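Here's the structure we're looking at; comments come further down.
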Amino acid sequence: MELLQQTLQSIQYADKQMMEKSKNYIDSLSKPPNSLGKLESLAIQLAGITGQLNPKLDHKTIIVCAADHGVCAEGVTSNPQDVTLLQTLNFPKGVTGVCAIANITNAKVVTVDVGVKEDVPLDAGVLIKKIKYGTDNMALGPAMTRAEAIQSLEVGIEVATAEIAQGANVLATGEMGIGNTTPSAAILSVLHGCHPHEVTGFGAGLGSGGIEHKVAVIQKSIELNKPNRHDAIDILAKVGGLEIGAMAGVILAAAANRKPVVIDGFISTVAALIAHELEPKVQDYIIPSHASEEPGAKIAAKLLGVEPMLHMNMRLGEGSGAALAFPILDAACSMVSKMATLAETMALIAKE
């Protein structure tokens with residue numbers, strides 16, 4: 001709990017003066033005002049985050065948090081839980097979706113076992129930070145204890161802080177956990193104050209009972225555990241997931257260290273909501289990537305106050321959408337560092 005509290009206390013708003021300086025500089029570039037649209041607002045945000053007019057984001061790291069979910073026993077997904085372990089082992093091999101996309105920008109992918117239900121080999125290239133062997137079945141009781149929820153947040157903080165210490169200057173959140181759209185929908189249902197039917201989707205594959213069964217399991221879990229809407233840790237503990245908590249911790253650590261953090265789709269956005277509930281100032285540091293196909297993703301993004309940049313009909317997870325957004329961040333930085341100002345252009349014309 002001490003690490004979490006220290007991290008929360010370290011988070012400050014982005015540098016508004018630098019953002020104003022960045023805006024004025026971008027307005028002076030040789031182009032019509034606002035003609036590069038969201039690229040301009042992204043560059044301004046990056047300046048405010050880093051405190052630099054020309055930020056460099058040349059050490060990109062995607063932190064993929066892996067964990068299993070006891071609620072899978074309720075038949076909410078058609079995929080076997082073994083897939084969590086198999087994919088967790090594939091990330092270090094560079095053969096997953098996020099790894100293929102991350103490769104185009106030389107982004108590092110770090111895989112963390114927060115709660116995979118099987119033992120991950122010590123030589124697999126995975127950081128072993130296992131809190132427990134998957135969450136408990138939230139349809140029968142709390143997914144985890146409050147202490148375990150806090151520990152999941154602190155695992156994310158520890159891993160992200162270590163990566164930043166090694167030179168990472170932009171982070172992204174990713175996850176692996178069969179069944180994790182179920183706790184994500186449960187968390188969002190509580191935070192949004194809506195029936196789970198509004199925010200529950202197909203996920204990676206529905207069980208034989210379809211959407212209605214998945215919704216019923218989520219509703220039962222909420223009614224049984226009664227998570228406190230005004231206590232993000234209580235929500236995370238009662239109907240959340242270990243990897244969701246760890247991703248929230250990554251976001252908190254990025255903000256505490258004044259680094260931008262790119263979030264992926266539905267599950268990552270829900271993790272960002274947990275982080276935001278704990279410290280609203282993290283919003284300044286969050287960069288949304290893509291609009292997931294999950295129905296709850298749009299609601300989660302609106303609740304967080306962000307607008308995804310990409311509309312690619314994706315719903316893979318893993319951090320794949322975040323990896324795809326990295327070149328856009330590079331373009332925003334290049335715009336600031338490479339474009340001539342209007343005054344410079346006019347001076348060249350005058351010389352000719």
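Owing to the predicted nature of the structure, the values given are computational and were not obtained by experimental measurement. Start at 1 with the first residue, then count along the sequence.
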Study note, to complete from the structure: In short, Gly141 meets Leu224 closest at the heavy-atom pair N-CD2, 3.5 Å
Check your understanding: Counting N and O atoms only, with roles assigned by atom type, does the side chain of Ser41 sit under 3.5 Å from a partner on the main chain of Lys38, one being a donor and the other an acceptor?
Key -> yes
Review point. Can you tell me if Glu318 and Gln87 form a side-chain donor-acceptor pair at under 3.5 Å?
Key: yes
Review point. Run the side-chain contact (heavy atoms from CB on, under 4.5 Å) check on Met314 and Ser320 step by step: do they pass?
Key: CA-CA 9 Å; Met314 293 168 63; Ser320 52; 3.6 Å; yes
Point to revise | Side chain Thr345, main chain Thr341, donor-acceptor under 3.5 Å | key: yes
Check your understanding: Is a side-chain donor or acceptor of Asp68 paired with a backbone partner of Gly134 at a separation under 3.5 angstrom?
Key -> no
Review point. Would you find a donor on one side and an acceptor on the other, under 3.5 Å apart, between the side chain of Gln81 and the backbone of His69?
Key: yes
Review point. Is a side-chain N or O of Thr84 found less than 3.5 angstrom from the main chain of Ile178, in a donor-acceptor match?
Key: yes
Review point. With sequence neighbours excluded, what pairs up with Ser334 under the side-chain hydrogen bond (donor to acceptor under 3.5 Å, both in side chains) test?
Key: none
Review point. Are a donor atom and an acceptor atom from the side chains of Thr173 and Ser268 found within less than 3.5 Å of each other?
Key: yes
Review point. If we only count heavy atoms from C-beta on, is the Ile267 to Met247 side-chain gap below 4.5 Å?
Key: yes
Review point. Partners of Asp234 by side chain to side chain contact (heavy atoms under 4.5 Å, CB included), sequence neighbours excluded?
Key: Arg146, Pro227, Asn228, Asp231, Lys238
Point to revise | Listed once per pair and sorted, the salt bridge (Lys or Arg N to Asp or Glu O under 4.0 Å) pairs that draw on residues 108-126, sequence neighbours left out | key: Lys108-Glu163, Asp113-Lys130
Check your understanding: Which value, rounded to the nearest 0.5 Å, describes the distance between Ile49 atom CD1 and Asn257 atom CG?
Key -> 12.5 Å
Point to revise | Minimal non-hydrogen separation, Pro308 against His311, with atom names | key: O-NE2, 4.0 Å
Review point. Taking side chain as C-beta onward, heavy atoms only, is Ile26 less than 4.5 Å from Met335?
Key: yes
**Study point:** Flag side-chain contact, heavy atom, 4.5 Å: Ile222 against Val190
**Key:** yes
Revision key, fill the gap. Looking only at heavy atoms, the pair that brings Gly177 and Glu243 closest together is CA-OE2, 4.0 Å
Review point. Just wondering, more than 12 heavy atoms not from Glu307 lying within 6.0 Å of its CD?
Key: no
Check your understanding: Do Ile187 and Val215 belong together in a cluster built from hydrophobic side chains that touch within less than 4.5 Å?
Key -> no
Check your understanding: Under a 4.5 Å side-chain heavy-atom rule over Ile, Leu, Val, Met, Phe, Trp and Tyr, are Tyr13 and Ile11 clustered together?
Key -> no
Review point. Quick one: are Ile244 and Glu175 in side-chain contact, heavy atoms under 4.5 Å?
Key: no
Study note, to complete from the structure: Rounded to the nearest 0.5 angstrom, the CG-OG distance for Asn54 and Ser337 is 6.0 Å
Practice item. Please examine the side chains of Glu158 and Lys129, heavy atoms only from C-beta on, and report whether any two atoms are closer than 4.5 Å. Key: yes
Review point. Does Glu74 pair with Lys214 as a salt bridge, N-O distance under 4.0 Å?
Key: no
Study note, to complete from the structure: Here the gap from Thr61 atom OG1 to Gln166 atom CD, rounded to the nearest 0.5 Å, amounts to 8.0 Å
Point to revise | Heavy-atom check, side chain of Glu2 versus side chain of Gln5, under 4.5 Å | key: no
Practice item. Begin from the C-alpha positions of Thr88 and Val126 and carry the test side-chain contact (heavy atoms from CB on, under 4.5 Å) through to its verdict. Key: CA-CA 8 Å; Thr88 298; Val126 175; 4.1 Å; yes
**Study point:** With Lys60 via side-chain hydrogen bond (donor to acceptor under 3.5 Å, both in side chains) - residues at least two apart
**Key:** Asp330
Check your understanding: Checking Thr200 side chain against Pro196 main chain: does a donor-acceptor pair fall under 3.5 Å?
Key -> yes
Point to revise | From NE2 (His59) to NZ (Lys259), nearest 0.5 Å | key: 11.0 Å
Exercise for review: Give the cluster check for Phe326 versus Leu316: same hydrophobic cluster or not, with ILVMFWY residues linked at side-chain heavy-atom distances below 4.5 Å.
Suggested key: no
Check your understanding: Linking I/L/V/M/F/W/Y whenever any side-chain heavy atoms sit under 4.5 Å apart, do Val170 and Leu53 land together?
Key -> yes
Point to revise | Side-chain donor or acceptor of Arg315 paired with backbone N/O of Gly203 under 3.5 Å | key: yes
Revision key, fill the gap. Of all heavy-atom pairs linking Leu252 and Ala275, the shortest is CD2-O, 3.8 Å
Review point. Do Leu153 and Leu236 touch side chain to side chain, with heavy atoms closer than 4.5 Å?
Key: yes
**Study point:** Ile286 to Pro288 - nearest heavy-atom pair and separation
**Key:** O-CD, 3.9 Å
Point to revise | Donor-acceptor under 3.5 Å (Ser184 side chain, Thr181 main chain) | key: no
**Study point:** Worked check of side-chain contact (heavy atoms from CB on, under 4.5 Å) between Thr182 and Thr77
**Key:** CA-CA 9 Å; Thr182 297; Thr77 177; over 6 Å; no
Exercise for review: Go through the steps for Ile263 and Ile287 under the test side-chain contact (heavy atoms from CB on, under 4.5 Å), then give the verdict.
Suggested key: CA-CA 6 Å; Ile263 60 172; Ile287 297 172; over 6 Å; no
Check your understanding: Hey, are the side chains of Leu324 and Met312 touching, using non-hydrogen atoms and a 4.5 Å cut-off?
Key -> yes
Check your understanding: Hey, is NZ on Lys132 packed in by over 12 heavy atoms from elsewhere, all under 6.0 Å?
Key -> yes
Practice item. Please round to the nearest 0.5 Å and tell me the distance separating atom NZ of Lys56 and atom CG of Leu46. Key: 15.0 Å
Review point. Shortest non-hydrogen contact from Ser221 to Val239?
Key: O-CG1, 4.1 Å
Review point. So, the side chain of Thr50 versus the backbone of Pro55: is there a donor-acceptor pair under 3.5 Å, distance only?
Key: no
Check your understanding: Would Glu293 and Lys298 count as a salt bridge (Lys or Arg N to Asp or Glu O under 4.0 Å) if you check the C-alpha gap in whole Å, the side-chain angles of each, and the deciding distance to 0.1 Å?
Key -> CA-CA 9 Å; Glu293 284 289 276; Lys298 184 176 181 179; over 6 Å; no
Exercise for review: For Pro80, enumerate each residue passing the side chain to side chain contact (heavy atoms under 4.5 Å, CB included) test, keeping only those at least two apart in sequence or located in another chain.
Suggested key: Val83
Check your understanding: Would you say Leu304 and Val261 are hydrophobically clustered, going by side-chain heavy atoms of ILVMFWY under 4.5 Å?
Key -> yes
**Study point:** Residue Lys16 excluded, over 12 heavy atoms near NZ under 6.0 Å
**Key:** yes
**Study point:** Results of side-chain hydrogen bond (donor to acceptor under 3.5 Å, both in side chains) for Lys23 - residues two or more places apart only
**Key:** Asp27
Point to revise | Straight-line distance of Gln12 CD to Asp15 CG, nearest 0.5 Å | key: 11.5 Å
Check your understanding: Would you say the side-chain atoms of Ser22 pair up with the backbone N or O of Met19, donor to acceptor, closer than 3.5 Å?
Key -> no
